[in-house]
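Keep in mind it's a predicted model, so treat the numbers as computed, not measured. When reading the values below, keep in mind they use all heavy atoms of this one structure, side chains included, and skip hydrogens, waters and symmetry mates.
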Amino acid sequence: MITPVGTNLTRIRQARGLTMDELARMVGCTKQAISLYESGQRHPDSQTLLSIAKALDTGIDSFYDSYNVAFELNSVSYREGMLLSKTQRTSVEEQTSAKLSDYLELETIAKSCIEFSNPIENIKVNNSQDAEKAAKELRKQWKMGDGPVHNISTFLERKGVRIIKIDFGFSYRHEGLSGWAEQKRIPVIVLNARQQDTARVRFTMLHELGHLLLMTEDNLTLDVVERLCDAFAGAVLLPADTLALELGRNRTLIVMPELRRIKELYGISIQAIMVRSRVIGLISSDVYQGWQQTSTSNQDHGQYQGTEEPQRFLQMLYRCLSEKKIGFDKAAQLAGWDEAELREHYVQQSEF
């Protein structure tokens, strides 16, 4: 059974970017010994633990501390449509830090850490054309093709983005925020736990991914950065060439059945489809404005039928339970559930 020392040793080693081999050479022991310490099969003696602490530039106490990860939001003090107060910012950071600590501890126990890298860090983004270029390159580097991405949350989790849901407790336009943990090594997207339209959740996640990935100039205003992240999100959801094939070019009129079909296929809102159509020149500004004037809220805008619920945490939890790496008491603690409720849920899932 993995111990606090083993869990923390793994976490701190990975945070320093060291392999087991590298740490073993620094300490003067074998890779197998480090592996046994991290798995909890053996406990290092006091002299070895001192050597490990020195190699990792940390104190002995850090191996016995409760798992605690500091999370810091991106610069969101003046996000478009919302003034995020210091109290609200602190609340989001504290809630996210608590959940993220449990998430990363489980990740360590499951030995399922995914290293993250930014595939578009060399692209400077100053305008909407740059955002289109960045989105196109992202799809290429992540091998997303040109078609629909049916589950954004699962895809991002597999790339190393941790997705956390919390109750914001306040109104916020995008219903999502983002930031970094572990010395800007771990990207985190924070979603408001309240019920939302699935197409909106998909756009929100990619908007926040823009905040994490896009290399924008320091002199851009936050409102401009917001618009660039919107442009990036729309371009990732629905590439320009793909939209042109769906709608055709030089359109003078677009009707709701066409838009509903695209929304239901690509999981992007009708408003975003029309904005994309105007931005990439499929329709003129006059056509777009005419559509805005005639569009009404009581029209049937269709519904994307896919789901967007982060699943990686539960997958790791059930795997660790099945492999008996943790007991139900520890699993309930990590998940923030009642132990009896978790047992019942686990049994139900096992019956399928």
Side-chain angles (χ1 to χ4, degrees), residues 1-27 29-44 48-49 51-53 55-58 62-71 96-117 142 153-164 180-189 310-337 342 345-346 349-350:
M1 189 72 69
I2 292 180
T3 63
V5 171
T7 301
N8 284 318
L9 173 54
T10 304
R11 175 177 65 88
I12 297 169
R13 174 181 61 78
Q14 291 175 342
R16 301 294 188 269
L18 295 173
T19 65
M20 288 187 187
D21 269 329
E22 290 168 338
L23 179 58
R25 285 196 295 270
M26 295 168 70
V27 173
C29 66
T30 65
K31 174 185 175 182
Q32 182 185 24
I34 297 296
S35 178
L36 291 172
Y37 300 150
E38 292 191 1
S39 66
Q41 297 177 59
R42 183 187 298 173
H43 192 285
T48 302
L49 199 57
S51 299
I52 293 173
L56 295 175
D57 191 25
T58 189
S62 63
F63 296 120
Y64 296 95
D65 288 343
S66 298
Y67 206 96
N68 187 22
V69 176
F71 166 76
T96 302
S97 291
K99 285 206 168 188
L100 188 60
S101 295
D102 292 334
Y103 191 117
L104 297 183
E105 181 177 1
L106 180 61
E107 207 173 66
T108 302
I109 294 169
K111 294 190 178 299
S112 185
C113 179
I114 300 175
E115 296 295 328
F116 176 80
S117 62
W142 279 358
S153 55
T154 296
F155 188 87
L156 293 184
E157 286 184 314
R158 289 175 177 172
K159 292 298 180 182
V161 180
R162 280 59 166 191
I163 301 176
I164 304 292
W180 295 86
E182 297 285 59
Q183 301 174 332
K184 291 210 165 187
R185 187 177 62 88
I186 295 176
V188 184
I189 291 176
Q311 295 292 329
R312 187 165 176 261
F313 181 88
L314 278 180
Q315 288 172 344
M316 291 190 295
L317 193 76
Y318 291 151
R319 186 194 317 159
C320 287
L321 280 170
S322 299
E323 295 176 350
K324 302 191 185 311
K325 291 182 176 180
I326 55 175
F328 280 97
D329 54 345
K330 180 63 174 178
Q333 175 197 328
L334 291 171
W337 288 8
L342 176 59
H345 194 269
Y346 179 76
Q349 295 296 314
S350 301

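Using a 4.5 Å heavy-atom threshold, the side chains of Arg16 and Leu23 count as separate. Side-chain atoms of Thr96 and Tyr103, non-hydrogen and from C-beta on, never get closer than 4.5 Å to each other. Between Phe116 and Ile186, every side-chain heavy-atom pair lies at or beyond the 4.5 Å cut-off. Between Ser112 and Gln315 the shortest side-chain heavy-atom distance does not fall below 4.5 Å.
The side-chain hydrogen bond (donor to acceptor under 3.5 Å, both in side chains) check on Thr58 picks up Ser62, with sequence neighbours excluded. For Ser51, the side-chain hydrogen bond (donor to acceptor under 3.5 Å, both in side chains) criterion is met by no residue, not counting sequence neighbours. Under the side-chain hydrogen bond (donor to acceptor under 3.5 Å, both in side chains) criterion, Ser322 pairs with Tyr346, sequence neighbours left out. Checked against side-chain contact (heavy atoms from CB on, under 4.5 Å), Leu314 has the following partners two or more places apart in sequence or in another chain: Leu317, Tyr318, Trp337. Every residue was checked against the ring pair (Phe, Tyr, Trp, His ring centres under 6.0 Å) condition with Phe71, not counting sequence neighbours, and none meets it. Residues satisfying the side-chain hydrogen bond (donor to acceptor under 3.5 Å, both in side chains) criterion with Arg13, sequence neighbours excluded, are Glu38.
Arg319 CZ to Lys325 NZ: the interatomic distance, rounded to the nearest 0.5 Å, is 7.5 Å. Summarising the geometry, atom CD1 belonging to Ile189 is positioned 10.5 Å from atom CD1 belonging to Ile164; distances are rounded to the nearest 0.5 Å. Atom-to-atom distance recorded for Leu104:CG and Lys99:NZ is 14.0 Å, nearest 0.5 angstrom. Considering CD of Glu107 and OG1 of Thr10, their distance stands at 11.5 Å, rounded to 0.5 Å. From Gln333, atom CD reaches atom CG of Leu106 across 11.0 Å, with rounding to the nearest 0.5 Å. Between the CZ atom in Arg312 and the CG atom in Leu156 there is a gap of 12.5 Å [rounded to 0.5 Å].
Contact detail for Met26 and Ala55: the closest heavy-atom pair is CE-O, 3.3 Å. The shortest non-hydrogen separation linking Leu342 to Ala332 is CD2-N, 3.4 Å.
Between the Ser35 side chain and the Lys31 main chain, no donor and acceptor come within less than 3.5 Å of each other. Side chain of Glu157 to main chain of Gln311: a donor-acceptor pair is present (N/O by atom type, distance under 3.5 Å, no hydrogens or angles). No donor-acceptor pair closer than 3.5 Å links the side chain of Arg42 to the backbone N or O of Leu36.
Between Tyr37 and the options Val27, Ile52, Leu49, a side chain to side chain contact (heavy atoms under 4.5 Å, CB included) holds for only Ile52.
Residue-environment remark: CZ (Arg185) exceeds the threshold of 12 foreign heavy atoms within 6.0 Å.
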